[in-house]
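Note that ligands are numbered from 1 as they come in the structure, with each ligand's atoms numbered from 1 the same way. One-based numbering along the sequence shown.
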Amino acid sequence: MNVDIGNALASVASPGVSRESLERLDEQVAVAHERIERGMANEEHGYEALNLPHRTDPDAIRAAVEPVADAEALLTVGIGGSSLGAATITNALDSETETVFLDNVDPEWVSSRLAGVSLENAAINVVSRSGTTAETLANFLVVREAFESAGVDWTERTIVTTGESGPLRDLAARHGLPSLMVPDGVPGRFSALSAVGMVAAAVCGHDLEALIAGAAAERETLTGSLFDCPAYAYGATTYALDQRGAGVNAVMPYAESLETAAEWFAQLWAESLGKDDLGQTPVRALGVTDQHSQLQLYRAGPRDKLVSFVTTRERPDRSIPATDVEELAYLGDATLGELLEAEFEATEASLAAAGRPNVRVELEAVDEYELGGLLYGMEAACVLAGELYGVNTFEQPAVEWAKKATRGLLGGGEFEEADAVAEKTELRVER
Ligand SMILES: O=P(O)(O)OC[C@H]1O[C@H](O)[C@H](O)[C@@H](O)[C@@H]1O
């Protein structure tokens with residue numbers, strides 16, 4: 001990926017970061033980079049994620065999915081980091097295999113998603129690093145039952161990706177299911193480039209080697225300076241802008257196929273950096289659609305936002321048919337791709353003209369290689385930002401709190417967190 005931070009400079013935007021401040025920040029980037037390299041070399045928890053391009057074995061993933069390679073539909077059961085990486089890849093790329101991601105446990109939605117799939121020709125991809133996440137295990141039990149009701153042997157159609165031990169690992173062993181490992185030291189939200197994200201990609205027939213090569217190429221750019229490394233340029237600039245008041249980061253891809261990438265980014269940024277009263281709030285937006293809903297706020301609302309555009313140089317195009325309506329004639333001379341590009345450039349310029357900081361993240365195209373680079377680059381940006389904030393990027397204690405409270409409420413053990421539910425302060429206003 002390439003990154004253009006020109007519209008985040010103080011000469012353009014407020015809040016903005018001056019060239020001199022960036023040069024001073026670059027000294028911190030050099031120190032952070034040494035820490036990151038050390039963490040990678042010592043295979044430390046979290047930092048190990050940045051070694052994934054060299055660790056992930058596409059042959060092992062393809063071998064595991066071989067029994068279901070003929071699947072016409074793939075149901076991925078997982079949540080958060082065990083779903084969004086795979087969804088980012090498969091939603092971005094074309095495939096004849098239908099993909100369904102069951103993360104939420106909204107009963108009506110789960111039922112309707114299951115009803116929409118022909119289970120005879122489907123496969124199940126169940127993913128949970130811990131093997132204990134209530135939503136994933138509950139949905140897996142529901143999906144298994146649906147397969148049984150349809151007369152399909154789910155044990156012949158299921159691939160498990162989980163940690164070294166835990167209930168899901170035990171279940172895989174008991175039923176002899178093909179299983180893959182969530183690599184040690186890699187938190188879920190940093191695991192897209194492992195089996196966690198790649199099983200679905202493999203079943204869909206995507207080029208795993210190209211995903212890995214794109215990530216490996218991005219890894220080569222990690223040097224001690226934000227001026228030489230797009231990932232660090234992004235991480236350092238967003239950090240600097242947050243320090244200056246841009247506490248919101250609206251990620252706005254100009255490609256429908258990258259909408260899920262903004263969702264994936266939101267988890268990465270929020271769970272990694274949101275701690276010790278620090279962090280920047282990620283917001284999901286989509287160009288051009290959200291020009292017509294959120295742009296007013298971004299250009300004229302409080303100066304607490306950064307807009308991160310994600311663009312692609314190449315895309316399949318479609319011409320706009322000519323019309324004899326005079327005012328619409330200009331459209332007939334263009335393509336939908338040209339319209340999208342013009343809207344992006346106009347929106348970017350409109351923010352800059354209003355002094356609103358924005359950053360451009362550029363991909364050559366939406367393909368495996370570029371996606372590998374985007375996933376890796378944003379992870380590296382996040383790790384760098386975590387170093388600059390001084391937070392523990394790789395933990396998520398606040399999420400664990402609610403997980404324990406939920407289990408306590410359902411009788412899954414004694415958890416004092418569950419008591420907080422009964423202690424809720426009420427001030428009800430009823431109709
Ligand atoms: O992979 P699992 O153990 O099922 O975890 C799935 C998700 O659970 C929690 O919500 C964590 O905060 C996420 O980081 C994680 O991705």
*Could you verify whether a donor N or O on one side chain and an acceptor N or O on the other, from Y298 and T347, lie under 3.5 Å apart?*
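Their side chains do not contain a donor-acceptor pair, so the 3.5 Å distance test is not met.
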
*If every non-hydrogen atom of Y234 is compared with every non-hydrogen atom of S308, which pair is closest and at what distance?*
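In terms of heavy atoms, the two residues are closest at OH-OG, 2.6 Å.
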
*So which heavy atom on Q267 is nearest to which on G80, and how close?*
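Q267 and G80 have their closest heavy atoms at OE1-C, 3.2 Å.
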
*For E120, does the CD atom have more than 12 heavy-atom neighbours from other residues, nucleotides or ligands under 6.0 Å away?*
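Buried by this count: over 12 neighbours within 6.0 Å.
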
*asked:* Just so I know, are the side chains of Y254 and T312 near enough to count as touching, which here means a heavy-atom distance under 4.5 Å?
replied: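 The answer is no; the side chains never approach within 4.5 Å.
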
*Got the residues with a heavy atom under 4.0 Å of ligand 1, by chain and number?*
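Close residues (ligand 1, cut-off 4.0 Å): I79, G80, G81, S82, S128, R129, S130, T133, R189, Q267, E271, Q396, V399, K403.
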
_Contacts of type salt bridge (charged side-chain N to carboxylate O under 4.0 Å, His left out), residue E271, not counting sequence neighbours_ =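 Salt bridge (charged side-chain N to carboxylate O under 4.0 Å, His left out) check on E271 returns R189.
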
